[in-house]
Amino acid sequence: MNRYRSHNCNELRKKDVGNDVLLSGWINKKRDHGNLLFIDLRDNYGITQCIIDKKNTQFNDLEKVQLETVIKINGEVVNRSTETINKEIDTGEIEVSIKSYEILGTCKELPLPVFSDQEYSEEIRLKYRFLDLRRKKIHENILLRSKVISFIRNEMIKMGFLEFQTPILTSSSPEGARDFLVPSRLNPGKFYALPQAPQQFKQLIMVSGFDKYFQIAPCFRDEDARADRSPGEFYQLDLEMSFVEQEEIFKVVEKLLLNTFKKFSNKKIITDKFPKISYSDALLKYGTDKPDLRNPLIINDITEIFSRDDVSFDIFKKLVKSGSKVRCIVTKNTQDKPRSFFDNIDKWAKEQGASGLAYFTFEKGISAKGPIGKFFSRDALMEIMKKTNAKIGDSIFLACNSKIELEKITSLARDKIAQDLDLIDNNTFAFCWIVDYPMYERDVISKKIKFSHNPFSMPQGNLNEINFEKPLDILAYQYDIVCNGIELSSGAIRNHIPELMYKLFSIAGYNKDEVNKKFSGMINALSYGAPPHGGIAPGIERIVMLLANEKNIREITMFPMNQNAQDLMMNAPSEISENQLKELNLYLNVKK
RNA sequence: GGGGGUGUAGCUCAGUUGGUUAGAGCGAUCGCCUGUCACGCGAUAGGUCGAGGGUUCGAGUCCCUUCACUCCCGCCA
């Protein structure tokens with residue numbers, strides 16, 4: 001028999017009444033009645049109420065033991081009378097009458113209470129993370145994360161994927177995020193980098209003939225934190241497949257995500273087949289490439305209306321003449337909303353740095369009510385209604401600006417208006433694919449052509465017919481998966497043809513030598529018989545956050561760093577000894 | 001690198017237009033209480049009001065500087 005426990009703290013039931021048991025755990029809560037003491041004993045599995053009274057010689061000692069002390073209890077399982085049954089806990093029908101106890105681990109005065117629903121400052125939570133992690137909510141989040149990861153691993157194996165590990169110490173990559181660097185003792189002056197993602201390795205695994213790979217892969221990027229982005233490290237479900245087209249990857253990911261979300265959440269999933277939206281459509285209809293499809297509002301372009309003679313809204317007309325566009329959002333059945341509803345949105349838009357949102361409401365007999373209504377003829381209004389699917393009683397919000405500025409403000413306005421009208425169902429998941437990303441874009445500042453996303457992506461179309469003279473028109477087999485407005489991952493069919501890769505890189509301003517040097521491992525491997533292949537890498541934390549309904553990534557991470565990338569519990573990063581520096585051939589030149 | 005928010009007891013917070021000795025709940029300590037499950041009741045201890053400087057007869061409160069935490073922008077192929 002185990003020396004510490006015969007049962008865990010969530011195991012005992014009515015059938016155990018009369019038995020002698022051993023329980024070990026933390027003192028979650030004491031209720032001291034002077035001559036009678038209740039102790040809630042807690043472990044990973046649950047809580048069992050234990051009870052002791054004055055007749056027991058150990059009563060006076062146990063009465064004084066601190067919360068969160070780890071104790072072992074020897075006692076008898078006894079029935080609770082009907083009035084004292086606690087339905088909140090699984091063991092609520094019984095309690096353990098303490099015969100003796102023993103302290104296994106003492107506890108100092110607590111810097112933060114464990115038994116409490118209060119919020120605490122991040123600083124204290126992170127410094128005493130081991131205490132914080134005992135608390136119910138976050139303890140359950142971490143358990144959920146563990147279950148989600150093993151479920152995903154299982155599903156992947158069931159689908160015939162092989163799990164491989166790839167190096168943690170690798171080479172610095174020239175593109176993308178800042179690398180974390182590790183000095184090499186054996187190679188003075190040289191550095192390893194921690195992988196930002198196993199991108200090149202997973203492609204090499206395909207070239208090595210393994211066909212289907214996955215890994216719950218740690219990724220390291222030295223970039224600033226956000227609420228949904230840890231500084232430093234995060235995990236991806238990294239996967240790659242050979243001899244596939246985009247659709248087959250979609251199938252695998254849809255199946256995996258549906259199974260995972262159905263298993264771990266009761267929320268409704270809007271469509272089992274994820275809709276596909278082209279990148280350009282997404283920017284037009286939602287103003288962003290990560291639309292929240294729970295939100296029914298759609299953005300329309302009605303620029304043409306403002307070149308009509310029977311529209312006299314001169315501010316917009318003038319702007320349209322000089323190249324601006326007009327986009328709008330129609331809200332259903334809002335004719336009875338008070339003036340303040342519209343004005344608040346206009347005011348809000350101004351606070352966002354836009355020049356405001358013009359608005360009016362379509363009324364019976366086709367007229368427009370609102371400050372700018374008088375500038376539109378009946379015909380013009382009918383045309384707008386046709387273009388936007390608006391009906392009598394609907395309202396319309398309009399903005400006029402450059403394409404980029406319009407996307408920004410209409411995307412924000414879409415969220416804001418939906419919130420104000422309470423149009424978003426928080427009890428659903430809405431997935432979609434964003435497809436047909438452009439291969440290149442023009443850098444806003446330098447005006448140079450650059451890769452818009454992954455330079456290793458395969459361009460679309462017949463490879464002999466691609467017009468390299470018009471690089472901005474080239475689309476890539478590149479895709480994102482989005483859920484409730486959160487980007488879960490991006491992926492692509494990879495370019496496995498070295499000559500094509502040189503060509504694509506040359507458009508972005510890299511010559512052959514540079515490509516050879518920067519991506520030597522990859523480009524070399526692709527020249528020895530590479531299979532067509534592609535993949536994707538959903539973010540594990542993003543998935544768990546959606547399932548746990550948490551906005552902050554630290555709520556689903558065991559030992560996160562703070563915003564300044566410090567681990568307050570382990571004191572990382574820390575200074576190192578002179579000897580260590582010397583061995584690594586490093587000297588410090590820290591600016592104060 | 002830039003912008004916003006927060007910082008008062010071990011923890012969570014209140015603190016009025018600048019005005020006496022800075023308060024509450026939880027926790028701690030001590031006492032009372034045999035059916036609680038946020039047990040109850042009474043008492044006690046506990047404060048560099050993040051730090052430094054300034055204005056003022058007088059600063060938790062106003063001003064400046066600075067530090068910490070956090071949210072956002074930049075950044076994250």
Side-chain angles (χ1 to χ4, degrees), chain A residues 28-42 47-56 59 63-64 66-68 78-89 91-92 95 97 107-128 131-132 135 173-179 196-197 199-200 219-234 351-353 408 437 439-441 443-445 450-457 476 478 487 490-492 505 508 510 518-519 537 539 551-552 554 561-564 566 568:
Chain A
N28 192 57
K29 190 73 189 163
K30 287 189 296 186
R31 287 174 298 279
D32 188 352
H33 290 232
N35 293 314
L36 179 71
L37 172 66
F38 296 96
I39 285 185
D40 290 341
L41 198 68
R42 183 197 73 238
I47 285 179
T48 302
Q49 175 166 281
C50 303
I51 183 165
I52 188 169
D53 72 16
K54 196 116 200 185
K55 285 172 237 152
N56 191 309
F59 179 88
E63 208 181 11
K64 291 191 173 64
Q66 272 267 2
L67 296 184
E68 293 306 311
V78 296
N79 240 324
R80 293 208 207 181
S81 63
T82 330
E83 331 71 87
T84 59
I85 285 172
N86 182 354
K87 286 185 181 135
E88 304 287 309
I89 55 175
T91 60
E95 62 197 5
S97 172
C107 180
K108 298 200 284 189
E109 189 177 342
L110 294 166
L112 65 98
V114 172
F115 173 72
S116 167
D117 292 330
Q118 264 174 35
E119 306 267 355
Y120 307 95
S121 75
E122 290 286 337
E123 207 175 345
I124 270 207
R125 290 184 60 189
L126 294 182
K127 187 164 178 197
Y128 296 95
L131 289 177
D132 192 36
R135 296 169 62 222
S173 64
E175 302 280 316
R178 238 174 255 119
D179 284 317
Q196 296 180 19
Q199 179 64 37
Q200 294 195 50
C219 303
F220 305 90
R221 296 177 190 175
D222 187 4
E223 296 295 348
D224 289 353
R226 286 290 183 278
D228 63 349
R229 209 168 78 198
S230 283
E233 53 192 80
F234 62 96
E351 284 163 10
Q352 302 305 306
K408 215 186 281 174
Y437 275 81
M439 192 81 208
Y440 299 100
E441 63 189 16
D443 191 279
V444 184
I445 299 157
K450 63 171 194 180
F451 287 111
S452 68
H453 290 82
N454 187 329
F456 301 119
S457 301
Q478 168 133 14
E487 183 191 318
S490 343
F505 267 95
Y510 299 86
K518 284 175 171 173
F519 307 106
K551 291 246 174 335
N552 195 299
R554 287 184 298 272
M561 296 197 283
N562 70 9
Q563 197 172 44
N564 294 320
Q566 299 159 340
L568 298 175

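Between A:His33 and A:Phe38, the two ring planes are perpendicular [angle over 60°; tilted spans 30° to 60°].
Both distances falling under 3.5 Å, in either a Watson-Crick or a G-U wobble arrangement, occur for no nucleotide opposite B:rU17. Pairing for B:rG60 is absent, with no Watson-Crick or G-U wobble pair whose two atom distances lie under 3.5 Å. Across all strands shown, B:rA9 forms no Watson-Crick or G-U wobble pair with both key distances under 3.5 Å. Remark: B:rG1 base-pairs with B:rC73; criterion is Watson-Crick or G-U wobble with both hydrogen-bond distances under 3.5 Å. The base-pairing partner of B:rA28, taking Watson-Crick or G-U wobble contacts with both distances under 3.5 Å, is B:rU44. Across all strands shown, nothing is found opposite B:rA22 as a Watson-Crick or G-U wobble partner with both distances under 3.5 Å. The base-pairing partner of B:rU36, taking Watson-Crick or G-U wobble contacts with both distances under 3.5 Å, does not exist among the strands shown.
B:rC33 sits 45 Å from B:rA68 when the C1' atoms are compared, rounded to a whole Å. One P atom belongs to B:rG42, the other to B:rC49, and the distance between them is 31 Å to the nearest Å. Here the separation of B:rG27 from B:rC11, taken at their C1' atoms, is 7 Å to the nearest Å. Atom name C1', nucleotides B:rG7 and B:rG52: the rounded distance is 16 Å, in whole Å. Remark: the separation of the P atoms in B:rG19 and B:rA59 is 11 Å, to the nearest Å. Distance noted for atom P between B:rG58 and B:rA43: 38 Å (whole Å). The gap from the P atom of B:rU20 to that of B:rU29 amounts to 34 Å, rounded to the nearest Å. Taking atom C1' on both B:rA45 and B:rG50, the two are 24 Å apart, rounded to the nearest angstrom.
Of the two residues contacting RNA chain B, namely A:Glu119 and A:Asp224, the nearest-nucleotide position lying further toward the 5' end is that of A:Glu119. With the nearest nucleotide of RNA chain B identified for both A:Lys29 and A:Pro113, A:Pro113 has the one nearer the 5' end.
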Test salt bridge (Lys or Arg N to Asp or Glu O under 4.0 Å) applied to A:Lys30 and A:Asp32, step by step: CA-CA 6 Å; A:Lys30 287 189 296 186; A:Asp32 188 352; over 6 Å; no

Audit row: A:Glu123, A:Asn562, side chain to side chain donor-acceptor pair (under 3.5 Å) steps and yes/no: CA-CA 8 Å; A:Glu123 207 175 345; A:Asn562 70 9; over 6 Å; no

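A salt bridge links A:Asp40 with A:Arg31: the distance from a Lys NZ or Arg NE/NH1/NH2 to an Asp or Glu carboxylate oxygen falls below 4.0 Å. A salt bridge links A:Arg42 with A:Glu68: the distance from a Lys NZ or Arg NE/NH1/NH2 to an Asp or Glu carboxylate oxygen falls below 4.0 Å.
Here A:Gln566 reaches the OP1 or OP2 of B:rC69: one of its side-chain N or O atoms lies under 4.0 Å away. In this structure, A:Asn552 reaches the B:rC71 phosphate: one of its side-chain N or O atoms is under 4.0 Å from OP1 or OP2. Distances shorter than 4.0 Å separate none of the side-chain N or O atoms of A:Lys87 from OP1 or OP2 on B:rC37. Side-chain nitrogen and oxygen atoms of A:Asn564 include at least one within less than 4.0 Å of the OP1 or OP2 phosphate oxygen of B:rC69. At the phosphate of B:rC39, OP1 or OP2 sits under 4.0 Å from a side-chain N or O atom of A:Arg31. Not one side-chain nitrogen or oxygen of A:Lys551 sits closer than 4.0 Å to the OP1 or OP2 atom of B:rC72.
Among B:rC33, B:rA28, B:rC72, the nucleotide with an atom closest to any side-chain atom of A:Ala227 is B:rC72. Of the candidate nucleotides B:rA38, B:rU70, B:rC75, B:rU70 has the atom nearest to the side chain of A:Glu122. Of the candidates B:rA28, B:rU70, B:rG35, B:rG35 carries the atom nearest the A:Leu36 side chain, counting heavy atoms from C-beta on. Ranking B:rC33, B:rU70, B:rC76 by closeness to the A:Ala177 side chain, first place goes to B:rC76.
Stacking of A:His33 onto the six-membered ring of B:rC39 is present: less than 5.5 angstrom between centres, less than 30° between planes.
The base of B:rG27 is not paired with the side chain of A:Gln66 by any donor and acceptor separated by under 3.5 Å. A:Arg80 contributes a side-chain N or O that forms a donor-acceptor pair with the base of B:rU36 under 3.5 Å. In the interface, the side chain of A:Glu123 is not paired with the base of B:rU70 through any donor and acceptor atom under 3.5 Å apart. The base of B:rC76 has none of its N or O atoms less than 3.5 Å from a complementary donor or acceptor on the side chain of A:Arg221. Between the side chain of A:Arg229 and the base of B:rC75, at least one donor-acceptor pair of N or O atoms lies under 3.5 Å.
Residue A:Asp222 is classed as having no contact, given no heavy-atom separation below 4.0 Å to the nucleic acid. Within the nucleic acid shown, A:Ser121 comes within 4.0 Å of sugar-phosphate atoms alone, with no base atom in reach, counting heavy atoms only. Residue-level contact check: A:Lys55 touches the bases, meaning some heavy atom is under 4.0 Å from a base atom. As judged by a 4.0 angstrom heavy-atom cut-off over every strand, A:Ile89 is placed among residues making no nucleic acid contact.
In this structure, CD of A:Glu83 is placed 14 Å from C1' of B:rC37, rounded to the nearest angstrom. Taking atom CZ of residue A:Phe38 and atom P of nucleotide B:rC33, one finds them 16 Å apart after rounding to whole Å. Note: CZ (A:Arg125) to P (B:rU12) measures 11 Å, nearest angstrom. A straight line from OH of A:Tyr120 to C1' of B:rG7 spans 18 Å, rounded to a whole angstrom. Rounded to whole angstrom, the span from the CG atom of A:Leu110 across to the P atom of B:rU29 amounts to 11 Å. Rounded to whole Å, atom P of B:rC67 lies 15 Å from atom CD of A:Gln563. The OH-C1' distance, from A:Tyr128 to B:rU12, rounds to 17 Å in whole Å. Remark: P of B:rC33 and CG of A:Asp53 are 14 Å apart, rounded to the nearest angstrom.
Inter-residue side-chain proximity for A:Ser490 and A:Asn454 is flagged as unmet; no heavy-atom pair is nearer than 4.5 Å. A 4.5 Å side-chain heavy-atom check between A:Phe234 and A:Arg221 finds at least one atom pair inside the cut-off.
Considering A:Lys127, A:Arg554, A:Arg125 as possible partners of A:Asp132, the one that fulfils the salt bridge (Lys or Arg N to Asp or Glu O under 4.0 Å) test is A:Arg125.
Heavy atoms from other residues, nucleotides or ligands lying under 6.0 Å from NZ of A:Lys408 number 12 at most.
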